[in-house]
Amino acid sequence: MHDLKALRADPAAFDAALARRGLPAVAESLVKEDEQRRAALAELQEAQARRKGLAKEIGQAKRNGEDTTEIEARGVALRDRIATLEARANEIQKRIDDVLQRLPNQLDASVPDGRDENDNVVVHQRGEVPSFPFEAKQHFELGEALGLMDFAAAGKIAGSRFVMLRGVLARLERALGQFMLDTHTGEFGYEEVTVPLLVNDASMYGTDKLPKFAEDSFHTDDDRWLIPTGEVPLTASVMGDILPAESLPRRMTTLSTCFRSEAGSAGRDVRGMLRQHQFTKCELVSVVAPEESEAEHERMTRAAETVLERLGLPFRRVLLCAGDTGFGAAKTYDLEAWLPGQKAWREVSSCSNTRDFQARRMNARMRREKTTVFVHTLNGSGLAVGRVMIALMEMYQQEDGSIIVPDVLRPYMGGLTVILI
RNA sequence: GGAGAGAUGGCCGAGCGGCUUAAGGCGCACGCUUGGAAAGCGUGUGUACGUUAAUAGCGUACCGAGGGUUCGAAUCCCUCUCUCUCCGCCA
């Protein structure tokens with residue numbers, strides 16, 4: 001959500017920010033609506049003040065046993081007038097909100113211009129793209145050959161874009177999740193949280209998944225949503241709160257199942273488990289004071305990178321350009337791991353600073369000297385478990401189709417060193 | 001799923017159509033007092049919007065949320081949400 005006062009103070013800057021996203025100017029019309037809104041509000045408040053006075057007068061008169069039929073008649077007229085004024089003020093407010101709710105966050109100055117992912121900027125790369133002495137296979141070829149990645153059974157019981165992992169591959173996924181959680185809680189000070197996987201409208205709206213992206217998530221028939229990411233419940237947990245300054249930064253992590261309808265991605269990544277309706281992700285969320293969010297963004301991204309480093313997976317950090325940065329983000333780093341079978345970099349994490357964008361939608365504030373300010377919220381994958389498992393399978397594959405278990409995961413795998421064909 | 005009881009300021013708690021500008025207490029802040037502290041006394045103590053240079057004043061709204069009745073609603077009515085107790089079911 002956007003700050004109407006800031007818009008009023010500098011309409012040109014507001015439009016310039018929209019232009020970076022390739023969106024048309026709206027400031028002039030919003031400023032006009034805002035003037036109407038404030039005029040309507042002034043009129044309404046004045047009428048309400050008179051109602052207050054009148055009611056007091058009547059109360060006084062009744063106590064004195066005087067006749068009040070004449071004043072009460074004036075009250076009737078005033079009541080009708082207030083109802084009209086109130087309706088008008090609400091209508092204008094709603095019109096403004098409808099526009100503002102659908103406008104994306106303003107981009108950080110450091111975000112490069114650009115239209116789409118081709119204009120993203122590689123910040124750095126860690127690890128080398130390996131050359132295999134044999135033709136590297138894709139994860140689903142490896143998984144199906146092992147008999148541990150069962151798309152057929154999942155299709156039968158649920159449909160496409162689901163998978164059933166079996167045996168040590170199921171355990172490998174679990175091991176990865178544990179390893180991520182342990183790293184973030186043990187080394188980076190994140191509090192482990194288990195969260196509801198079903199949430200209400202307010203949580204989805206506050207984390208900017210509504211109203212614009214309703215079709216991307218699953219809706220239940222009792223009017224809840226399956227969370228598209230752990231970001232939603234973690235971030236929305238501070239909804240409506242005024243947090244004491246000393247309680248910040250608040251860092252939370254959860255290992256959760258995520259659900260996406262993938263409505264707009266028919267035909268994309270249909271093979272394998274790269275793009276599923278349901279997947280596991282370790283999510284990081286930080287709630288911080290406004291002046292801390294930039295540093296926190298780097299810190300969070302480092303936490304996510306650390307997991308990839310420990311797993312020995314080559315990756316690169318990419319700064320998303322203006323056109324590729326998501327609706328709620330001011331700035332986003334993607335982490336992309338190398339998939340030898342697919343011979344491509346694929347996103348395994350996305351770390352975003354939303355600044356006060358979500359906080360305004362959620363009304364999440366912190367205490368400041370004599371006043372309150374909106375907190376800043378950040379979210380990042382630390383990491384997408386399924387996709388990291390894919391990268392790991394493809395990176396650690398042997399010519400015979402067996403897969404070596406990285407050192408750091410062996411304690412979580414009962415000491416297993418290799419997944420044999 | 002059934003029956004009942006609740007939701008009031010940071011916390012406890014009164015109020016149940018107008019005399020509420022929400023009593024009183026606790027906590028917190030500041031001041032007085034003191035060698036210092038405690039106690040005591042005094043003053044202050046929410047959020048949002050509007051107005052404004054202002055986080056100063058002033059105005060309006062807010063007693064779980066949303067509607068309604070009324071000249072006037074914390075108080076009456078309706079719907080919803082959440083909490084608690086009991087029964088049923090269940091991991």
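Every chain is numbered from 1 and lettered A, B, ... according to where its sequence line falls, protein lines coming before strand lines. None of these values were measured; they are calculated from a predicted model.
Taking atom C1' in both G44(B) and A53(B), the straight-line distance is 26 Å, to the nearest Å. Nucleotides U47(B) and C11(B) are separated by 13 Å at their P atoms, to the nearest Å. Distance noted for atom P between G9(B) and G1(B): 29 Å (whole Å). Remark: the separation of the P atoms in G17(B) and G25(B) is 25 Å, to the nearest Å. Atom P of C71(B) sits at a distance of 37 Å from the matching atom of G57(B), rounded to the whole Å. Taking the P atom of each, G10(B) and A23(B) are spaced 14 Å apart, rounded to whole Å.
Put simply, CG on Asn363(A) is 12 Å from P on U47(B), counting in whole angstrom units. If you take NZ of Lys52(A) and P of U20(B), they are 14 Å apart, rounded to a whole angstrom. In this structure, the NZ atom of Lys56(A) is 11 Å from the P atom of G59(B), given to the nearest Å. The distance from atom CG of Leu243(A) to atom C1' of G46(B) is 16 Å, rounded to the nearest whole Å. Computed from coordinates, the Ile242(A) CD1 to C11(B) P distance equals 11 Å when rounded to whole Å. Rounded to a whole Å, the CG atom of Leu41(A) is 13 Å from the P atom of U52(B).
Leu197(A) and Ser256(A) get closest at one heavy-atom pair: CD2-CB, 4.1 Å. Nearest heavy-atom pair across Cys321(A) and Val111(A) is C-CG1, 3.8 Å.
Positionally, the nearest nucleotide of RNA chain B for Arg37(A) lies more toward the 5' end than for the other of Arg37(A) and Asn90(A).
A cation-pi arrangement is present between Arg361(A) and Tyr205(A), with the terminal nitrogen or guanidinium carbon under 6.0 Å from the aromatic centre and inside a 45° cone about the axis.
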Would you tabulate the nitrogen or oxygen pairs shorter than 3.5 Å linking the protein to nucleotides 69-75 of chain B?
unit_1: C71(B); atom_1: OP2; unit_2: Arg79(A); atom_2: NH1; d: 2.5
unit_1: C71(B); atom_1: OP2; unit_2: Arg79(A); atom_2: NH2; d: 3.3
unit_1: C71(B); atom_1: O4'; unit_2: Glu72(A); atom_2: O; d: 3.3

Problem - Working for salt bridge (Lys or Arg N to Asp or Glu O under 4.0 Å), residues Asp241(A) and Arg365(A) - result: CA-CA 6 Å; Asp241(A) 288 349; Arg365(A) 290 160 290 170; over 6 Å; no

Handout entry: Phe140(A)/Phe151(A) under ring pair (Phe, Tyr, Trp, His ring centres under 6.0 Å): CA gap, chis, key distance, verdict
Key = CA-CA 9 Å; Phe140(A) 49 86; Phe151(A) 293 100; 7.2 Å; no

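Between His277(A) and Phe259(A), the distance from one ring center to the other does not fall under 6.0 angstrom.
Proximity of Lys5(A) to the phosphate of G50(B): a side-chain N or O atom is located under 4.0 Å from OP1 or OP2. Between G50(B) and Arg8(A), a contact under 4.0 Å exists linking OP1 or OP2 to a side-chain N or O. For Arg63(A) and G18(B), the shortest distance from a side-chain N or O to OP1 or OP2 is not below 4.0 Å. When the side-chain nitrogen and oxygen atoms of Thr372(A) are compared with OP1 and OP2 of A48(B), one or more of them lie within a distance under 4.0 Å. Taking only side-chain nitrogens and oxygens, Arg367(A) never comes nearer than 4.0 Å to OP1 or OP2 of G10(B).
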Exercise for the section: Report the secondary structure of RNA chain B in dot-bracket form, marking unpaired bases with a dot and bases paired to a different strand with |, and treating Watson-Crick or G-U pairs with both distances under 3.5 Å as paired. Expected result: ((((((((.[[[..)..(.....]]]((((((.......))))))((((((.....)))))).[[[[[..)....]]]]])))))))....

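Applying side-chain contact (heavy atoms from CB on, under 4.5 Å) to Ser349(A) and the options Leu284(A), Thr301(A), Leu383(A) leaves one that passes, Leu383(A).
Among the protein residues, Arg368(A) comes within range of no part of the nucleic acid, since none of its heavy atoms lies under 4.0 Å from any strand.
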Using residues 352-360 of chain A as the side-chain source, report each donor-acceptor pair under 3.5 Å to any protein atom, sequence neighbours left out, with the distance given to one decimal.
unit_1: Ser352(A); atom_1: OG; unit_2: Thr332(A); atom_2: OG1; d: 2.8
unit_1: Asn353(A); atom_1: OD1; unit_2: Arg355(A); atom_2: N; d: 2.8
unit_1: Asn353(A); atom_1: ND2; unit_2: Ser293(A); atom_2: OG; d: 3.1
unit_1: Thr354(A); atom_1: OG1; unit_2: Thr377(A); atom_2: O; d: 2.9
unit_1: Thr354(A); atom_1: OG1; unit_2: Thr377(A); atom_2: OG1; d: 2.7
unit_1: Arg355(A); atom_1: NH2; unit_2: Asp108(A); atom_2: OD1; d: 2.5
unit_1: Asp356(A); atom_1: OD2; unit_2: Arg360(A); atom_2: NE; d: 3.0
unit_1: Asp356(A); atom_1: OD2; unit_2: Arg360(A); atom_2: NH2; d: 3.4
unit_1: Gln358(A); atom_1: OE1; unit_2: Thr377(A); atom_2: OG1; d: 2.7
unit_1: Gln358(A); atom_1: NE2; unit_2: Asp208(A); atom_2: OD2; d: 3.1
unit_1: Gln358(A); atom_1: NE2; unit_2: Glu231(A); atom_2: OE2; d: 2.8
unit_1: Arg360(A); atom_1: NH2; unit_2: Asp3(A); atom_2: OD2; d: 3.3

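Interface remark: the Gln45(A) side chain does not form any donor-acceptor pair with the G50(B) base, using a distance-only criterion of under 3.5 Å.
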